[in-house]
Amino acid sequence: MTDGTEHRGESAAPAQQPAFPSQERGTDAAGTAPGAPGAYGYPQPPTLPEAQPPYGYPQPGNPYAQQQPAQAGPAAPAGAQQPAPTPFPAPAFAAQPQPGPPPAQNSLLPAGQAPDWEAMASRNESQARRKRRMLTIGIVVVACVLGVGAGTLVISGLGKGGGKPKVVATGAASPSAHSNSTLPASSPTVPGQPNLLADHSGQANVALGPDSQVNQVTGGYAVRFKADSNSFAQSANQVVDVTRSFSVSAWVENEAADGPRIAISQGDGVSYSFELGLDAANGQKSWVFRVQTADGGNDSSAVQASSASASAVGQWSLLTGVYDANLHSITLYVNGQPAQTTPLPGAGAVWAGPGPLQLGRSREHAQWGSMWAGVIGHILVWDQALSPTQVADLKNGGTGQSAKPIASWLVG
């Protein structure tokens, strides 16, 4: 044993030597009792010098080797049958807690063959380790199942167009997006990289900030943002070519009652190229799709399309922004319906600023701002201007009918 735990059938043999084999009683031809000194198979008197060990008794240094009988007394008459020695018995182990026959590996062996105690101990130890390993695996599996059931956060309402998300399976707080141990096997992140949102349509995986967290929601997955400087996500490179027609869409749920909140944008220089989210328009809170038309990021060169009002805090909304390079206009759709179309002045175009796609924030006046507070999911990007019919398809869970997204995240 190596772990200090005593197991049945594995303890070392006690100090007591194996029981000496008994012999049949009889007399020799001279009438001498076999118990007399020098009789076959019995020990020599302890007072005799140079006494030999009795038959079958273990020798020092090789305790279980068979020995030749000691010098016998008077020889038996010719033709007399000698009593056959009994086989060497197995050593008596410590008292067993349960009655019954000894294990099969401890059964008697034929005469002249010694038990291989070392091999037997190795087999017992191997069996014990196997049992402990299976027990440990079972405990770990049960703990994992209980952990998933206790920690998975499930929010309802994604894709239903309204209604505050609610927890339908509560438990311990979910870990950060860098561990995501509560996610099932069909995780929306890159396998082996839980902080990287997988692009299901292209190669533009999106890295999550330290305070961004993936949650399972009814109908798919979403990322929760906490409106702080560490709560964001961004791609490694630009995803949208703003010099051409494009469309962006996402299901969003706002949890903040104040301030501008941007769900999706692109750019990390002095300004964004486009942004989609929540802001004030015409003196009230509205959904907005805004583009920058000139270098410098001035508010005067920004053009926006907005809704009459924004939904209440805690409700889901489907936002879609479309830029038509041929018509030199932008259009905002809310829940699959057109809200406003705004032309770019002087048949202008969207300013192509540097920087990758951003989730949960926007670049404004050379600094990060408009941090999103809430949940964003089912994010898609196209390199074309979607038609009203194609946008309406998104409300029903589609991807724009015949339009093929060039990038998509959290769509499973």
Is any side-chain heavy atom of [X] closer than 4.5 Å to a side-chain heavy atom of [Y]?
| X | Y | answer |
| --- | --- | --- |
| Tyr272 | Gln358 | no |
| Tyr221 | Thr189 | no |
| Phe274 | Val240 | yes |
| Ile379 | Leu359 | yes |
| Leu357 | Gln234 | no |
| Val206 | Trp409 | yes |
| Glu275 | Ile264 | no |
| Leu276 | Ile262 | no |

Just by distance, do the side chain of [X] and the backbone of [Y] share a donor-acceptor pair under 3.5 Å?
| X | Y | result |
| --- | --- | --- |
| Thr342 | Ile330 | no |
| Asp199 | Ser201 | yes |
| Gln292 | Asp299 | no |
| Trp372 | Ser231 | no |
| Glu364 | Gly369 | no |
| Gln390 | Ser387 | yes |
| Thr320 | Tyr333 | no |
| Ser271 | His365 | no |
| Asp324 | Asn326 | yes |
| Lys285 | Ala257 | yes |

Geometric class of the Tyr323/Phe246 ring pair [parallel <30°, tilted 30-60°, perpendicular >60°]: tilted

Which atom names give the shortest non-hydrogen contact between [X] and [Y], and what distance separates them?
| X | Y | value |
| --- | --- | --- |
| Asn254 | Arg261 | OD1-CG, 4.1 Å |
| Gly336 | Leu318 | N-CD2, 4.2 Å |
| His378 | Val411 | ND1-CA, 3.7 Å |
| Gln238 | Gly353 | NE2-O, 2.7 Å |
| Val242 | Gln266 | CG1-NE2, 4.1 Å |
| Ala227 | Ala373 | CB-CB, 3.7 Å |

To the closest 0.5 Å, what do you measure between [atom1] ([X]) and [atom2] ([Y])?
| X | Y | atom1 | atom2 | result |
| --- | --- | --- | --- | --- |
| Leu386 | Ser249 | CG | OG | 8.0 Å |
| Ser235 | Asn205 | OG | CG | 9.5 Å |
| Thr399 | Leu380 | OG1 | CG | 7.0 Å |
| Met371 | Ser229 | CE | OG | 6.0 Å |

Flag for Gln340-Thr331: side-chain donor and acceptor within less than 3.5 Å: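 The criterion, which ignores hydrogens and geometry beyond distance, is not satisfied for Gln340 and Thr331.
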
Ser317/Ser311 under side chain to side chain donor-acceptor pair (under 3.5 Å): CA gap, chis, key distance, verdict: CA-CA 7 Å; Ser317 295; Ser311 59; 2.9 Å; yes

Heavy atoms from other residues, nucleotides or ligands near CD of Gln203 exceed 12 (cutoff 6.0 Å):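 No - once you tally the heavy atoms of other residues, nucleotides and ligands closer than 6.0 Å, there are 12 at most.
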
Lys/Arg-Asp/Glu bridge criterion (N-O < 4.0 Å) met for Glu255, Arg224: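 So Glu255 pairs with Arg224 through a salt bridge.
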
Ion pair Asp279/Arg290, N-O distance below 4.0 Å: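 Counted as a salt bridge, because a side-chain N and a carboxylate O are separated by less than 4.0 Å.
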
Test log, rule side chain to side chain donor-acceptor pair (under 3.5 Å), inputs Ser300 and Asn298: CA-CA 5 Å; Ser300 59; Asn298 296 321; 4.8 Å; no

Side chain to side chain contact (heavy atoms under 4.5 Å, CB included) assessment of Val252 paired with Trp287: CA-CA 11 Å; Val252 302; Trp287 299 118; 4.0 Å; yes

Cation-pi, Phe232 ring and Arg361 (6.0 angstrom, 45 degrees):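 Judged by the rule, Arg361 and Phe232 form a cation-pi pair.
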
Worked check of side chain to side chain donor-acceptor pair (under 3.5 Å) between Ser286 and Ser306: CA-CA 6 Å; Ser286 303; Ser306 61; 5.2 Å; no

Side chain to side chain donor-acceptor pair (under 3.5 Å) assessment of Thr389 paired with Gln401: CA-CA 8 Å; Thr389 303; Gln401 295 180 335; 5.6 Å; no

